[in-house]
Structure formats: C-alpha cells, structure tokens
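No hydrogens, no waters, no symmetry mates; every other heavy atom, side chains included, goes into these values. Just so we're on the same page: letters track the sequence lines, and every chain starts at 1.
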Number of protein chains: 2
Amino acid sequence: MRRCCDMKGFLSFQVLRLIGNKPMSGEELRCELEKRRGSKPSPGTIYPVLKSLAENGWIKTRDSGKEKKYQLTLAGRKELNDATGRFISIFCDMGEDFKRAK
Amino acid sequence: MRRCCDMKGFLSFQVLRLIGNKPMSGEELRCELEKRRGSKPSPGTIYPVLKSLAENGWIKTRDSGKEKKYQLTLAGRKELNDATGRFISIFCDMGEDFKRAK
DNA sequence: CCACCAATATCGGTTATCCGATAAGAAAAC
DNA sequence: GTTTTCTTATCGGATAACCGATATTGGTGG
C-alpha cells in the first residue's frame with residue numbers, strides 16, 4: 001500500500017488528523033483548515049484529497065442528511081498513527097517551539 | 001520579499017532550522033537530514049535548496065578551509081522565526097503528540 | 001413540480017519539490 | 001604534476017500539491 005504523504009505537502013496529513021479527531025464534511029474541513037493556514041483551500045483542492053484518501057482505503061463516507069461526513073477507516077487510523085510518527089521523527093527538534101507556543 | 005516555504009514541502013524550512021542551530025556544510029546537512037527522514041537527500045536536492053535560500057538572502061557562505069559552511073543572515077533569522085510561527089499555527093494541535101514523544 | 005442553493009466533484013494547468021546523473025572545483029595523496 | 005577523493009554545483013525530468021473554473025448532485029422552499 002502506498003504511503004500517505006511522504007511528507008511532501010501537508011494537506012492529506014492534516015485532513016487525516018482532523019477527520020481522526022471527529023468525522024467532518026468537506027466544508028467543515030475547509031473552515032478548520034482556514035483557521036490554521038490563514039487561507040481556505042479551494043473545493044478543487046480539498047475534494048481530490050478526500051478522493052485520494054478514500055481510494056487508499058483510509059477514509060469512508062457516511063451520508064448524514066444533506067452533508068456527507070468523512071471518517072477514518074481502521075486502516076486510516078493506523079496510517080494516521082504511522083504518519084504522525086514519521087512527522088515527529090522529522091521534526092523532533094521542534095518540541096520546544098511547541099511548548100513555548102503553549 | 002518572497003516567503004520561504006509556504007509550507008509546501010519541508011526541506012527549505014528544515015535546512016533553515018538546522019543552519020540556525022549551527023552553521024553547517026552541505027554534507028553535514030545531508031547527514032543530519034538522513035537521521036530525521038530516514039533517507040539522505042541527494043546532492044541534486046540539497047544544493048539547489050541552499051542556492052535558493054542564498055538568493056533570498058537568508059543564508060550566506062563562509063569558507064572555512066576545505067568545506068563551505070552555510071549560516072543564517074539576519075534576514076534569515078527573522079524568516080526562520082516567522083516560518084516557525086506559521087508552522088506552529090498550522091500544526092497547533094500536534095503539541096500533545098510531541099509531548100508524548102518526549 | 002421547479003427553481004434555487006449549498007455541498008460535492010471533476011478538469012486542466014501551474015508551480016514547486018525532489019531526484020538521478022553528471023560536471024566542476026579544490027584540497028590531499030602519491 | 002598527476003591522480004584521487006570529497007564537496008559543491010548544475011541540468012533535465014518526474015511527481016504531486018494546489019488552485020480556479022466549471023459541472024453535478026441532492027435537499028429545500030416556493
């Protein structure tokens with residue numbers, strides 16, 4: 001199975017994290033991402049990412065009324081853990097910065 | 001002035017961080033990066049990054065014998081701080097993961 | 001039913017990141 | 001002075017992240 005984000009770009013990883021926290025719709029994701037990045041990813045950005053994550057078997061959709069909620073699969077949960085590990089390993093020396101930012 | 005890594009790819013940012021910690025040669029950088037990423041960036045990767053950082057005025061070279069040491073400029077120090085801020089803002093919810101990783 | 005509207009999806013194209021292969025430079029070994 | 005070796009540098013190309021514009025879908029209100 002291919003690896004999620006070889007850490008080349010953050011979006012897939014971030015989406016995985018957000019969804020892992022709580023199932024969300026595409027629009028909710030866009031809003032959450034805007035808070036963090038400053039700019040809201042366009043629909044043409046977020047939906048291909050979701051599609052790709054789904055094709056990898058890491059997320060699935062649950063229709064809840066009008067919106068469509070995306071949530072992690074079991075494999076997605078595992079992939080998120082792995083990816084977080086890789087991320088920490090790459091940025092291991094940023095712990096202090098995060099602490100300082102409280 | 002253009003911004004270092006809009007957070008699209010980590011290499012420039014990482015290099016800036018490493019050099020900010022201690023002036024390093026290209027080869028030292030490659031070794032340090034290998035420790036964190038698992039794979040060593042090729043010369044064809046690292047030197048263009050260094051060139052680009054230099055062109056932006058964020059690093060300068062200091063010849064010290066046989067190797068060439070790269071170090072931050074004042075503007076580079078500022079850019080590193082800014083970039084770190086952006087990074088933290090994007091990944092604000094990863095503080096716990098870093099703590100857990102001790 | 002029909003017109004709207006928000007959410008989802010697709011497409012083409014731009015840009016940047018990264019790599020492999022290869023060259024150039026400079027010190028050291030001989 | 002020539003060869004070796006290590007570091008630095010360049011070039012072309014592949015990949016993928018991202019965006020703007022545009023369609024499509026499915027409830028909702030009239």
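The closest side-chain heavy-atom distance from B:Ile46 to B:Leu33 is below 4.5 Å. Looking at A:Leu18 and A:Arg36, their side chains come closer than 4.5 Å, going by heavy atoms from C-beta outward. In this structure, A:Phe91 and B:Phe10 have side chains that are in contact, with non-hydrogen atoms separated by less than 4.5 Å.
Annotation: proximity of residues 29-43 of chain A to DNA chain D (heavy atom, distance under 4.0 Å) is found for A:Arg37, A:Pro41, A:Ser42, numbered in ascending order.
Following rounding to the nearest Å, B:Glu55 (CD) and C:dA16 (C1') show an atom-to-atom distance of 15 Å. At whole-Å resolution of the value, CG in B:Leu50 and P in D:dT7 are 14 Å apart. Atom CD in A:Glu27 sits roughly 15 Å away from atom C1' in D:dG26 (whole-Å rounding). Computed from coordinates, the A:Lys60 NZ to C:dT8 C1' distance equals 20 Å when rounded to whole Å. Atom CD1 of B:Ile46 and atom C1' of D:dA9 are 13 Å apart (whole Å). Taking atom NZ of residue A:Lys69 and atom P of nucleotide C:dT8, one finds them 9 Å apart after rounding to whole Å. In this entry the distance linking CD of A:Glu67 with P of C:dA9 reads 12 Å, nearest Å. Rounded to an integer number of Å, the gap from CZ of A:Phe10 to C1' of D:dA16 is 14 Å.
If you check D:dT10, C:dC18, C:dT10 against the side chain of A:Pro48, the one that comes closest is C:dT10. Side-chain proximity of B:Leu11 to C:dC18, D:dT8, C:dA9: nearest is C:dC18.
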(request) With side chain to side chain contact (heavy atoms under 4.5 Å, CB included) as the test, would you mind laying out the steps for B:Val15 and B:Ile59 before giving the verdict? (result) CA-CA 10 Å; B:Val15 167; B:Ile59 66 175; 5.7 Å; no

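Taking side-chain N and O atoms only, A:Tyr47 has no distance below 4.0 Å to OP1 or OP2 of D:dT25. Residue A:Lys51 places none of its side-chain N or O atoms closer than 4.0 Å to OP1 or OP2 of C:dA9. Side-chain nitrogen and oxygen atoms of B:Lys68 include none within less than 4.0 Å of the OP1 or OP2 phosphate oxygen of C:dA26. Between A:Ser25 and C:dA7 there is no side-chain N or O to OP1 or OP2 distance below 4.0 Å.
Just one residue in the list A:Gln14, A:Met94, A:Arg17 forms a side chain to side chain contact (heavy atoms under 4.5 Å, CB included) with B:Met94, and that residue is A:Arg17.
Here the shortest heavy-atom pairing between B:Gly20 and B:Leu72 reads CA-CD1, 3.4 Å.
Within the 4.0 angstrom heavy-atom criterion, base atoms lie near B:Gly44.
Using a 4.0 Å cut-off between charged side-chain N and carboxylate O, A:Arg86 and A:Asp82 make no salt bridge.
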